[in-house]
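Numbers here simply count residues along the sequence, with the first being 1. Quick caveat, the model's predicted, so the values are computed rather than measured.
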Amino acid sequence: MDRTSPLGAFLKARRARLSPDDVGLPRYGDRRRVPGLRREEVALLAGVSAGYYTRLEQGRQANASPEVLDALARALHLSPAERDHLYDLSSTTGHRPAVSGDDERVSADLRTLLTTMAAHVPALVVGRRNDVLAWNRTGHALLAPHLDFAAPDDPGGRPNLSRLVFLDAPTRALHRDWPAKARAVVGNLRILTARNPGDTHLAALIAELTARSAEFRSMWDAHTVAPCGRDVHTLAHPAVGELTVTQQTFDVPKEPHQSLVTFTAEPGSPSTAALEALKTRGRTVDAPVACAPTP
């Protein structure tokens, strides 16, 4: 019986997007029973036996050496991010230990930085599951003014950016190109789940989104990998109108599960003026952004 593992599902999805023409293989006729490459064709390209590759894809082969993973990455024309994802999915590379659900906290120094940035840059800190651990006043005003500013203080009720994109109507309306934003969210979640396979809270989030959103299910099944980095978004903000912002994500030093997310606009542009208006709104309360200690 086919017991496809996360690694096997990813390999299957990646070979389905390639044709023999893409990799320089003959077709031997046009009648193909599966989309993309056959298993034996991937095995040939990677220099492994067809039986070994079949066991790997079906979850009956527990381990793959780094050499085999590199060969598969070349055979399947994986991007650098997809290659890293392949390694994360392999049991041979090791995984981070399972983590508890409510132990994420933002340091005092990072809270001070967020508050200081509020005068110039909307920003927030997200955790290992895309939960908002903290945000400054301007970041809150930009992304979620309909939510309680203090929501990140409650470990059990923190806003989750992935959940907001798929299940929160105001957040969906905020993004002019919602499908592109949604695909990016799903691609990032694929990376997070591969790196944290023992995180039951992350698994529960995926299960919730799968059950409640047909769009999420479709995107999730595509096994797209999209690491966070730099993205440009056009937003339809309910208070200041349309604006275009550059979103950048930075790893937080000494906090491997946390990221600082910032939003900027082209200097002198109407979008900059819109951000300035939001900054004025965000200054109504000038207080540090804190997360409550774990009980």
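A donor-acceptor contact shorter than 3.5 Å is absent between the side chain of K12 and the backbone of E57. Between the side chain of S90 and the main chain of L86, no donor-acceptor pair closer than 3.5 Å is present. A side-chain donor-acceptor contact under 3.5 Å links Q258 to the backbone of R105. T138 places a side-chain N or O within donor-acceptor distance of the main-chain N or O of A118, the cut-off being under 3.5 Å. T193 places a side-chain N or O within 3.5 Å of a backbone atom of R190 that can act as its donor or acceptor partner. Checking side-chain atoms of R217 against main-chain N and O of T210 turns up a donor-acceptor pair under 3.5 Å.
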I'd like to know whether V261 forms a side chain to side chain contact (heavy atoms under 4.5 Å, CB included) with F263, so could you lay out the CA-CA distance, the side-chain angles of the two residues, the decisive distance to 0.1 Å, and finally the verdict. CA-CA 7 Å; V261 184; F263 300 86; 3.8 Å; yes

Working note: L260 + V126, criterion side chain to side chain contact (heavy atoms under 4.5 Å, CB included); need CA distance, chi angles, decisive distance, verdict. CA-CA 7 Å; L260 175 67; V126 296; over 6 Å; no

Test R183 against E215 for salt bridge (Lys or Arg N to Asp or Glu O under 4.0 Å), laying out the working first. CA-CA 10 Å; R183 286 191 297 269; E215 292 160 313; over 6 Å; no

Please report the C-alpha distance between R230 and T246 in whole Å, then the side-chain angles of each, then the deciding distance to 0.1 Å, and finally whether the side chain to side chain contact (heavy atoms under 4.5 Å, CB included) criterion is met. CA-CA 7 Å; R230 178 186 183 278; T246 298; 3.7 Å; yes

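E104 and G127 make their closest contact through OE2-CA, 3.2 Å (heavy atoms, listed as atom of the first residue, atom of the second, distance). Residues A222 and A13 come closest through the heavy atom pair O-CB, 4.1 Å. Annotation for P122 and L142: closest pair CB-CD2, 4.0 Å, computed over non-hydrogen atoms. Considering all non-hydrogen atoms of both residues, P197 and A194 come closest at CD-O, 3.6 Å. Here the closest non-hydrogen pair linking L114 and A123 is CD2-CB, 3.7 Å. When all heavy atoms of S49 and A43 are compared, the closest pair comes out as O-CB, 3.7 Å.
Between R111 and the choices T116, N136, V125, V106, the side chain to side chain contact (heavy atoms under 4.5 Å, CB included) rule is met once, by V106.
Here the CG atom belonging to L124 is positioned 9.0 Å from the OG1 atom belonging to T262, to the nearest 0.5 angstrom. Between D199 atom CG and R128 atom CZ the span is 6.5 Å, to the nearest 0.5 Å. In this structure, NE2 on H77 lies 6.5 Å from CG on L18, to the nearest 0.5 angstrom. Summarising the geometry, atom CH2 belonging to W135 is positioned 4.5 Å from atom NE2 belonging to H140; distances are rounded to the nearest 0.5 Å. Atom CG of L78 sits about 9.5 Å away from atom CZ of R83, to the nearest 0.5 Å. One finds the OG1 atom of T112 at 12.5 Å from the CE atom of M117 (value rounded to the nearest 0.5 Å).
For residues 240-252, the set of pairs meeting the salt bridge (Lys or Arg N to Asp or Glu O under 4.0 Å) definition, not counting sequence neighbours, comprises R176-E242.
Enclosure of atom CZ in R212 is not indicated, since only 12 or fewer non-hydrogen atoms of other residues, nucleotides or ligands lie within 6.0 angstrom.
Between L243 and T272 the shortest side-chain heavy-atom distance does not fall below 4.5 Å. With contacts defined as side-chain heavy-atom distances shorter than 4.5 Å, the pair D22/L37 does not qualify. For the pair R14 and H223, the minimum side-chain heavy-atom distance is below 4.5 Å. Side-chain contact between P152 and P159 is present, with heavy atoms from C-beta onward closer than 4.5 Å. Taking the side chain as every heavy atom from C-beta outward, V68 and Y53 never approach each other to under 4.5 Å. At least one side-chain heavy atom of L278 sits under 4.5 Å from a side-chain heavy atom of H237. Looking at T171 and L143, their side chains never come closer than 4.5 Å, going by heavy atoms from C-beta outward. Between L11 and R39, the closest side-chain pair of non-hydrogen atoms is not below 4.5 Å.
Between R15 and E41 there is no salt bridge, since none of the side-chain N atoms of the basic residue sits less than 4.0 Å from a carboxylate O of the acidic one. The existence of a salt bridge linking E82 and R17 is confirmed by a sub-4.0 Å separation between a basic side-chain nitrogen and an acidic carboxylate oxygen.
Under a 4.5 Å side-chain heavy-atom criterion applied to ILVMFWY residues, the cluster that includes W220 comprises V165, F166, L167, W178, V185, V186, L189, L192, L202, L205, I206, L209, F216, M219 as well.
Side-chain atoms of N160 and D131 include a donor-acceptor pair closer than 3.5 Å.
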